[in-house]
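First comes the structure, then the notes that go with it.
Owing to the predicted nature of the structure, the values given are computational and were not obtained by experimental measurement.
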Amino acid sequence: MVDTQMKRTIGLIMLCLFFAGCFNIKTEAAGKTYYNSYGVAVKGAYAMGIDVSSNNGSIDWNAVKASGVEFAVIRCGCGMNLLNQDDKQWEANVAGCESVGIPYGVYLYSYADSVSRAKDEAEHVLRLISGHKLSYPVYYDMEDSSVLRNTTAEQRGKIAKAFCDRIQATGYKVGIYADKSTFTNLLTAKEFQNKNKWVAHYSSACGYTGTYQMWQATNQGKVSGIRGNVDINYLISGQIFIKPVIKVSSPAKKKVKITWKPKKSGTTCEIYYAKKKTGKYKLLRKNAKKGSAIIKGLKSGKKYYIRVRISKKVYGSTVYSKYSKIKAIKVR
C-alpha cells in the first residue's frame with residue numbers, strides 16, 4: 001500500500017507533468033483534430049500556431065516549419081509610430097515566415113489612452129507591414145494594465161474603433177487581443193461586440209463565453225527552432241458559425257425539401273441522412289447557393305433522419321460548424 005503522503009507526492013508530480021506537457025507543440029494532427037501531449041483533443045481546433053516577439057530572440061524558421069507550426073502572429077512593435085518602438089526582431093521574423101512559407105498576421109502592443117494615440121499606433125503598424133502580404137489579421141493588443149486602470153469602458157471602445165477603422169480602411173482584417181478576464185470585464189463597449197477576438201486563457205479549455213476566433217492556450221509551449229518557451233494558439237472552428245437550423249418537408253412523392261439558416265456567401269451546406277436516428281449518416285449533397293435543396297429518389301413511406309453542417313474556407317483551411325439538430329421526415 002502507498003501511504004497518504006506518497007500518494008500526494010505522486011499526484012503533485014503527475015499534475016506538474018500534465019501542465020508542463022499539455023500544450024507542447026509536439027502534438028499530432030489526425031485529419032483536423034489536434035491533440036495535446038496526453039492525447040486529449042483540443043475541441044474545435046482546426047489550426048495550431050505561435051505568436052512571437054523580440055522576447056523569443058533569434059528564431060530558426062526552417063525548424064519551426066518542420067515542427068508542424070501552421071501559422072504565426074508576429075509582434076511588429078509597441079505603442080506610437082516611433083522607430084525605437086519597432087520590435088527588434090520584426091524584420092527577421094517576417095522575413096523568416098515568408099522564406100519558409102508560414103502564413104502570418106501581426107500584433108501591436110498598445111499603450112494608447114486616447115483616440116489620437118490609437119490612430120498613431122495604427123500608422124505604426126501600417127508603416128511596418130507596407131509591402132508585406134498578411135494571411136491573418138492585424139491584432140490590437142489591449143492588455144496594458146496602466147491604460148486599463150485609467151480609462152473607462154466607453155473610452156476603450158473609442159480607442160479600439162479608431163485603431164480598427166484605420167487598419168480596415170487600408171484593406172487589412174483586424175482583431176483585438178486580450179485575456180479572458182479583460183474581455184469579460186473591461187472590453188465591454190459596443191465597439192467590441194463584432195470584433196475578431198484573440199483570447200488568452202491558460203487552461204485546458206478556453207473559458208471565455210463570448211464569440212472568439214483564436215485561443216492563446218499557453219505561454220509554456222516548446223517549439224523546435226525557438227529557445228525557451230513560446231505562446232501556443234489554436235484557431236477554433238466552433239466559434240465561427242452559428243449552429244445551423246433546418247426545416248424538412250416532403251412536398252411530393254419520393255422528395256424531401258430541406259431549408260437551412262444561416263445561408264451566407266462563401267459557405268457550403270452538407271446534407272446528411274440516415275434511416276435510423278442513431279445510425280450511420282451518409283452525405284446526400286453539398287449545396288452552397290440558395291439555403292434550400294430538394295432531395296429526389298427517396299423511398300415513399302419511409303422515414304429518414306436529416307442533419308446538416310456548414311463549411312467554409314478560412315485562411316486556407318476548411319472549417320465546419322456543429323451539426324444541426326436531427327429532423328425526422330416520412331417521405332410521401
Side-chain angles (χ1 to χ4, degrees), residues 49-61 64-65 69 71-148 150-151 155-178 182 187 191-192 194-198 200 213-214 216 226 230-231 233 235 315-316:
I50 58 176
D51 62 271
V52 297
S53 70
S54 58
N55 295 325
N56 299 104
S58 180
I59 295 173
D60 180 348
W61 285 100
V64 171
K65 174 78 170 182
V69 168
F71 68 92
V73 185
I74 307 168
R75 189 176 75 178
C76 59
C78 303
M80 296 176 70
N81 191 14
L82 303 169
L83 291 177
N84 64 4
Q85 293 291 88
D86 296 355
D87 188 283
K88 299 299 186 289
Q89 289 293 321
W90 157 249
E91 291 186 0
N93 283 335
V94 73
C97 279
E98 290 175 348
S99 68
V100 301
I102 294 178
Y104 65 89
V106 306
Y107 77 96
L108 179 126
Y109 188 99
S110 173
Y111 294 111
D113 57 5
S114 67
V115 166
S116 61
R117 285 177 176 267
K119 290 179 178 179
D120 195 73
E121 289 185 341
E123 297 304 324
H124 189 181
V125 174
L126 293 173
R127 170 171 61 83
L128 292 172
I129 64 177
S130 177
H132 297 288
K133 187 176 181 180
L134 277 61
S135 299
Y136 288 80
V138 172
Y139 289 98
Y140 200 31
D141 184 343
M142 300 185 71
E143 65 175 304
D144 189 75
S145 58
S146 63
V147 172
L148 295 172
N150 294 294
T151 54
Q155 287 172 324
R156 292 188 285 270
K158 289 180 179 179
I159 288 166
K161 185 177 187 303
F163 178 90
C164 292
D165 285 354
R166 177 66 182 114
I167 298 296
Q168 287 176 312
T170 61
Y172 292 100
K173 294 180 180 179
V174 69
I176 305 292
Y177 169 89
T182 300
L187 303 185
E191 287 83 358
F192 296 102
N194 296 316
K195 288 292 185 292
N196 186 322
K197 294 184 180 70
W198 173 17
Q213 288 71 41
M214 186 158 67
Q216 187 183 80
I226 300 178
V230 66
D231 299 341
N233 301 278
L235 296 176
Y315 305 132

Could you walk me through whether Val64 and Ile226 satisfy the side-chain contact (heavy atoms from CB on, under 4.5 Å) test, starting with their C-alpha distance in whole Å, then the side-chain angles of each, then the deciding distance to 0.1 Å, before giving a yes or no? CA-CA 7 Å; Val64 171; Ile226 300 178; 3.9 Å; yes
Going through the distances and angles, do Ile74 and Cys97 end up as a side-chain contact (heavy atoms from CB on, under 4.5 Å)? CA-CA 9 Å; Ile74 307 168; Cys97 279; 3.8 Å; yes
What's the verdict on side-chain contact (heavy atoms from CB on, under 4.5 Å) for Val52 and Trp61, showing C-alpha distance, side-chain angles and the deciding distance? CA-CA 11 Å; Val52 297; Trp61 285 100; 4.0 Å; yes
Is there a side-chain contact (heavy atoms from CB on, under 4.5 Å) between Asp141 and Ser110 once you walk through the steps? CA-CA 6 Å; Asp141 184 343; Ser110 173; 5.7 Å; no
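By the 4.5 Å heavy-atom criterion applied to side chains, Asn196 and Pro137 are counted as neighbours. Side-chain contact between Val138 and Ile129: present, with at least one pair of heavy atoms (C-beta onward) separated by less than 4.5 Å. Within the 4.5 Å cutoff, side-chain heavy atoms of Tyr136 are placed close to those of Pro103. Taking the side chain as every heavy atom from C-beta outward, Trp198 and Val73 approach each other to under 4.5 Å. Between Phe163 and Val125, some side-chain heavy-atom pair lies under the 4.5 Å cut-off. You'll find the side chain of Arg75 stays beyond 4.5 Å of the side chain of Asn93, heavy atoms only.
Heavy atoms only, all atoms of each residue included: Ala162 and Val115 are closest at CB-CG1, 3.7 Å. Taking each heavy atom of Ala160 and Ile176 in turn, the nearest pair found is CB-CD1, 4.2 Å. The two residues Tyr111 and Cys78 come nearest to each other via the heavy atoms CE1-CB, 3.9 Å. In terms of heavy-atom proximity, Ser53 sits nearest to Asp87 at CB-OD2, 3.5 Å. Across all non-hydrogen atoms, the minimal contact from Leu187 to Ala178 is CD1-CB, 3.7 Å. Residue Gln89 comes nearest to Ser58 through the heavy atom pair OE1-CA, 4.1 Å, listed as atom of the first residue, atom of the second, then distance.
In this structure, Lys119 NZ and Ile159 CD1 are separated by 12.0 Å, a value rounded to the nearest 0.5 Å. The structure places CZ of Arg156 at 11.5 Å from CD of Glu191, a figure rounded to the nearest 0.5 Å. Considering CG of Asp120 and CD of Gln85, their distance stands at 10.5 Å, rounded to 0.5 Å.
Proximity of a side-chain donor or acceptor of Thr151 to a complementary backbone N or O of Val147 within less than 3.5 Å is detected. Using a distance-only test at 3.5 Å, with no hydrogens or angles considered, no donor-acceptor pair links the side chain of Asp231 to the main chain of Ile50. With hydrogens and angles ignored, the 3.5 Å screen pairs a side-chain donor or acceptor of Glu121 with a backbone N or O of Ala112. One N or O on the side chain of Gln213 and one on the backbone of Lys197 form a donor-acceptor pair closer than 3.5 Å.
Every residue meeting the side-chain hydrogen bond (donor to acceptor under 3.5 Å, both in side chains) condition with Asp165, not counting sequence neighbours, appears here in chain and number order: Lys161. Residues satisfying the side-chain hydrogen bond (donor to acceptor under 3.5 Å, both in side chains) test with Asp86, not counting sequence neighbours, are His124, Arg127. Looking at residues two or more places apart in sequence or on another chain, you find a side-chain hydrogen bond (donor to acceptor under 3.5 Å, both in side chains) between Ser114 and Ser116.
Between Arg166 and Glu123 a salt bridge is recorded (basic side-chain N to carboxylate O distance below 4.0 Å).
Tyr104 and His132 have perpendicular rings, their planes meeting at more than 60° on a 0 to 90° scale where under 30° would count as parallel.
Ring-centre distance between Tyr177 and Tyr139: not below the 6.0 Å cut-off. You'll find the ring centres of Tyr107 and Tyr109 outside the 6.0 Å limit.
A donor-acceptor contact closer than 3.5 angstrom links the side chains of Gln216 and Asp51.
Counted within 6.0 Å of CG on Asn150, heavy atoms from surrounding residues, nucleotides or ligands total more than 12; the atom is thus considered enclosed.
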